[in-house]
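Remarks on the structure that follows.
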Amino acid sequence: MFQRFTLLEFEMSYRLHQAQVAASYNGPYNTHASHYISDREMGHFGVSRSAGNHESNYRNCNAFTNQSQHNRIDNTLMQAHQSRSGSVGGFSYQHEGNGCYVSRQDMVDRVSHKIEVAKASGAIDNARMYNYLHKSADRLNMDMRIFNGYN
């Protein structure tokens, strides 16, 4: 027999690991428990909520990194995937009047984390997510051995 959950109970259980990660930080900085693979990416590629809520998909990082830099990297990767761009690299942007630069290495690091989370959570078994991660890694000219037998 299936257990029925209210929407609130489902959302609370869905965010359980995010709440646990947030509670684990007791430092002096304003941090967010945020995703490596964003909600937008998971939804777009049809990744299951259980894979998206996997404990490996969360980490604490400062608010600026989460809300500005990582969002911009994710948006750049999604845009490149949707437009079938041949390559991506670093980019500059303005944030509150300050110039910011995201290097190609920052993007490689972000995609590397996404791949590791996808492997740990089972999201890599979603063919559309695998294709997105593989093409993103290829666009960044990453060492494809990171996929270790996933094809």
Side-chain angles (χ1 to χ4, degrees), residues 5 7 10-22 24-25 29-151:
F5 292 101
L7 183 58
F10 181 76
E11 284 299 319
M12 288 174 61
S13 68
Y14 173 63
R15 298 291 187 184
L16 175 65
H17 293 296
Q18 187 173 23
Q20 289 171 337
V21 169
S24 71
Y25 179 76
Y29 303 106
N30 178 15
T31 63
H32 289 185
S34 55
H35 298 97
Y36 284 112
I37 301 174
S38 72
D39 276 337
R40 181 174 174 233
E41 291 166 315
M42 291 183 287
H44 182 80
F45 296 109
V47 174
S48 72
R49 291 197 117 191
S50 62
N53 189 44
H54 193 270
E55 63 240 56
S56 66
N57 196 27
Y58 296 103
R59 85 289 186 207
N60 283 318
C61 67
N62 72 48
F64 169 78
T65 301
N66 178 41
Q67 294 176 329
S68 185
Q69 186 178 24
H70 288 168
N71 278 345
R72 290 173 195 269
I73 291 171
D74 294 347
N75 290 340
T76 299
L77 294 171
M78 290 285 290
Q79 184 178 29
H81 188 73
Q82 290 170 342
S83 68
R84 300 174 193 240
S85 175
S87 66
V88 292
F91 58 91
S92 298
Y93 65 97
Q94 292 288 316
H95 177 78
E96 296 179 356
N98 297 312
C100 301
Y101 179 70
V102 175
S103 70
R104 178 191 159 279
Q105 187 60 52
D106 291 332
M107 295 181 74
V108 166
D109 294 345
R110 181 99 171 128
V111 172
S112 295
H113 288 300
K114 289 176 186 292
I115 293 166
E116 293 306 321
V117 166
K119 290 193 293 189
S121 69
I124 200 152
D125 297 328
N126 174 304
R128 294 178 63 216
M129 177 57 74
Y130 171 83
N131 184 48
Y132 167 65
L133 294 172
H134 195 273
K135 299 264 177 161
S136 294
D138 190 45
R139 284 182 184 93
L140 288 163
N141 199 26
M142 291 173 59
D143 183 346
M144 301 307 266
R145 290 178 291 182
I146 193 169
F147 288 95
N148 272 349
Y150 288 92
N151 54 9

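Between Ser34 and Arg59 the shortest side-chain heavy-atom distance falls below 4.5 Å. Counting only heavy atoms from C-beta outward, the side chains of Arg72 and Phe91 approach each other to under 4.5 Å. Side-chain contact between His113 and His70 is absent, with no heavy atoms from C-beta onward closer than 4.5 Å. Side-chain contact between Arg110 and Val102: absent, with no pair of heavy atoms (C-beta onward) separated by less than 4.5 Å. Residues Arg104 and Asn141 form a side-chain contact, since some pair of their non-hydrogen atoms from C-beta on lies under 4.5 Å apart. In this structure, His81 and Asn131 have side chains that are in contact, with non-hydrogen atoms separated by less than 4.5 Å. For the pair His95/Gln69, no side-chain contact is recorded, criterion being any heavy-atom separation below 4.5 Å from C-beta on.
For the atom pair CG (Leu133) and CE (Met142), the distance works out to 9.0 Å, reported to the nearest 0.5 Å. In this structure, CD on Glu41 lies 8.0 Å from OG on Ser136, to the nearest 0.5 angstrom. Between the NZ atom in Lys119 and the CD1 atom in Ile115 there is a gap of 7.5 Å [rounded to 0.5 Å]. The CZ atom of Arg145 sits 4.0 Å away from atom CG of Asp143, with the distance rounded to the nearest 0.5 Å. Here the straight-line distance linking atom CG of Leu77 with atom OG of Ser85 works out to 10.5 Å at 0.5 Å rounding. For the atom pair Asn98 CG and Ser68 OG, the distance stands at 10.5 Å (nearest 0.5 Å).
Of the possible polar contacts, one joining the Asn57 side chain to the Ile37 backbone as a donor-acceptor pair under 3.5 Å is found. Checking side-chain atoms of Asn126 against main-chain N and O of Gly46 turns up a donor-acceptor pair under 3.5 Å.
Minimum interatomic distance between Phe147 and Ala137 (heavy atoms only, all atoms of both residues): CE1-CB, 3.9 Å. Minimum heavy-atom separation, Gly99 to Gln94: CA-NE2, 3.6 Å. Across every non-hydrogen atom of His54 and Ser121, the tightest pair is CB-CB, 3.4 Å.
In this pair, His35 and Tyr58 present their aromatic rings tilted. The plane angle is within the 30 to 60° band.
Between the side chains of Asn71 and Arg40, no donor N or O sits under 3.5 Å from an acceptor N or O. No hydrogens or angles considered: nothing links the side chains of Tyr36 and Ser56 as a donor-acceptor pair under 3.5 Å. If you check the side chains of Gln105 and Asp109, you find a donor sitting under 3.5 Å from an acceptor.
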Take Lys114 and Asp74 through the test side-chain contact (heavy atoms from CB on, under 4.5 Å) and record every step on the way to the result.
CA-CA 10 Å; Lys114 289 176 186 292; Asp74 294 347; 2.9 Å; yes
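In the displayed structure, Glu116 atom CD is contacted under 6.0 Å by more than 12 heavy atoms of other residues, nucleotides or ligands. Atom NZ of Lys135 is surrounded by 12 or fewer heavy atoms from other residues, nucleotides or ligands within 6.0 Å.
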